[in-house]
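A note on names: the letters A, B, ... follow the listed sequences, proteins ahead of strands, and every chain is numbered from 1.
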2 protein chains.
Amino acid sequence: MDAWKEFEQNPISHSAAHHIVAIKELLDEYGYARVSDVARLLEITRGSASITLKGLKGRGLVTEDDRRFLGLSKTGEHVARSVIAKKTILKKFFIDALGVEEHQADIDTCKIEHLVSSETAERVAQFLRFLDSGDPSSEHFRKALAEFDEPCSGDTSSCPCCAEACLVKELGDDELGS
Amino acid sequence: MDAWKEFEQNPISHSAAHHIVAIKELLDEYGYARVSDVARLLEITRGSASITLKGLKGRGLVTEDDRRFLGLSKTGEHVARSVIAKKTILKKFFIDALGVEEHQADIDTCKIEHLVSSETAERVAQFLRFLDSGDPSSEHFRKALAEFDEPCSGDTSSCPCCAEACLVKELGDDELGS
DNA sequence: CTGAAGTGTTTGGGATATAAAACACTGGCG
DNA sequence: CGCCAGTGTTTTATATCCCAAACACTTCAG
């Protein structure tokens, strides 16, 4: 009677999320998805894709018909839509609200899309809805933010960028992996 | 003459980032950090911590004195400060700007703190500085955002929350792992 | 039909991340 | 002094993720 424990914890890894989203994108774009197509899209070998997809099939997220065409189960479809929605929301937020350059926004979004909680994603979406609502205060805000270019004061007590100290200046491009 | 390649790519994994930050926190709080202390803080076994830290010592991020007390090299210190700054900025952003509940903000922050680029983190910090700047438009914005409670319209063409469709509604709490 | 191209799987290997357990060292208490 | 708790390492094992390479199967052009 402890089956719910294993069932409840359905952690989808970064890799699994990408495989599932790849299948959805292939289905939407070409109408079919095979192991090789997923591998090509993700730029990994067929062998790797085969093994990962075997696991996803075993977990009931990915389906396969008699001609080896892949599909998504109801759960898999849900995961795909969830991840894609988060990706879309975050990218829009980075670019439209924060003014991050598109390429960098893509990189950041890809890394965190499957990690952000639904609650937080919905908050970001709410934020974007407000920004686009046409409410005068959001318009003013947009303009003022775009013009605002004050660097961090460096004063620990007043610097709002972080509580510890003005550490932002030290943020190098020490790209932290995975 | 290709040494720069291996040298240039210094990807710090999620795990490595946590180990390094743990050392910094222990040093700040207790004045020393040993393998066991790190393991306790991260709630992993001494064995696991020992092996991970061996790797970090080998990569020149973590130091160890003759009495087995751990420290951080200049690079390690830099990584620690960078990750902590990102963590601080993101958490503040989630809570102050988005209104995410603190516990959830902690979870989300922990997952993405080491993944967000310096560029994006700095943009978020800039955003926070503006919010706290006292600029009237930011004050108005704050208030209006707090009161704004319009759900997603569900209309694909006008819904700002995502370009594809109003997928946010489908965001379940299917916690995606790692 | 035959061979080449494409597809899917398996095998063997490497890397990371973690645990459990066994082992060795250290330091203090009685 | 001797023992035990605490500490650090190594070994053995699991799990994910990936690649390269070999193998088997299918399909299609000629």
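- Residues passing the side chain to side chain donor-acceptor pair (under 3.5 Å) test with S138(A): none are found, sequence neighbours excluded.
- Spacing between atom CZ of R46(B) and atom C1' of dA22(C) amounts to 11 Å, rounded to whole angstrom units.
- With sequence neighbours excluded, the residues satisfying ring-ring contact (aromatic ring centres under 6.0 Å, His included) with F127(B) are F127(A), F141(A), F93(B).
- By the side chain to side chain donor-acceptor pair (under 3.5 Å) test, S137(B) is found to be paired with D135(B), residues two or more places apart in sequence or in another chain being considered.
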_Base-pair map of DNA chain D as dot-bracket, where | denotes pairing with a different strand and pairs are Watson-Crick or G-U under 3.5 Å_ = ||||||||||||||||||||||||||||||
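- Evaluation of the salt bridge (Lys or Arg N to Asp or Glu O under 4.0 Å) rule for K91(A) yields E102(A), D106(A) as partners, not counting sequence neighbours.
- Under a 4.0 Å N-O distance rule, the pair K143(A)/E147(A) does not qualify as a salt bridge.
- A heavy atom closer than 4.0 Å to some atom of DNA chain C occurs in V35(A), S36(A), R40(A), these being the qualifying members of residues 35-45 of chain A.
- For E64(A), the salt bridge (Lys or Arg N to Asp or Glu O under 4.0 Å) criterion is met by K57(A), not counting sequence neighbours.
- Residue pairs meeting the salt bridge (charged side-chain N to carboxylate O under 4.0 Å, His left out) criterion with at least one member in residues 35-50 of chain A, sequence neighbours excluded: R34(A)-D37(A), D37(A)-R40(A).
- The CZ-C1' distance, from R67(B) to dC25(C), rounds to 16 Å in whole Å.
- Whole-Å rounding puts the F69(A) CZ to dT7(C) C1' distance at 11 Å.
- Side chains of Q126(A) and R123(A): no donor on one and acceptor on the other come within 3.5 Å.
- Atom P of nucleotide dC25(D) and atom CZ of R68(A) are separated by 10 Å, given to the nearest angstrom.
- Residue-level contact check: G47(A) touches the bases, meaning some heavy atom is under 4.0 Å from a base atom.
- When the salt bridge (Lys or Arg N to Asp or Glu O under 4.0 Å) test is applied to R68(A), no partner is found at least two apart in sequence or on another chain.
- Look at NE2 on H14(A): it is 9 Å from P on dC18(D), rounded to the nearest Å.
- Under the side chain to side chain contact (heavy atoms under 4.5 Å, CB included) criterion, A16(A) pairs with I12(A), S13(A), L56(A), sequence neighbours left out.
- Contacts of S48(B) classified as side chain to side chain donor-acceptor pair (under 3.5 Å), with partners at least two apart in sequence or in another chain: T45(B).
- Proximity of K54(A) to the phosphate of dT10(C): a side-chain N or O atom is located under 4.0 Å from OP1 or OP2.
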Which atoms of nucleotides 12-16 of chain D (N or O only) lie under 3.5 Å from a protein N or O atom, and what are those distances?
none

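- At dT9(D), one or more side-chain N or O atoms of K57(B) fall inside 4.0 Å of OP1 or OP2 (strictly under the cut-off).
- In this structure, L56(A) places its CG atom 11 Å from P of dC18(D), rounding to the nearest Å.
- Nearer to the 5' terminus of DNA chain D, by closest-nucleotide assignment, is the contact made by R34(B) (compared with the other of S48(B) and R34(B)).
- When the P atom of dG8(D) is taken as reference, atom NE2 of H19(B) falls 13 Å away, rounded to whole Å.
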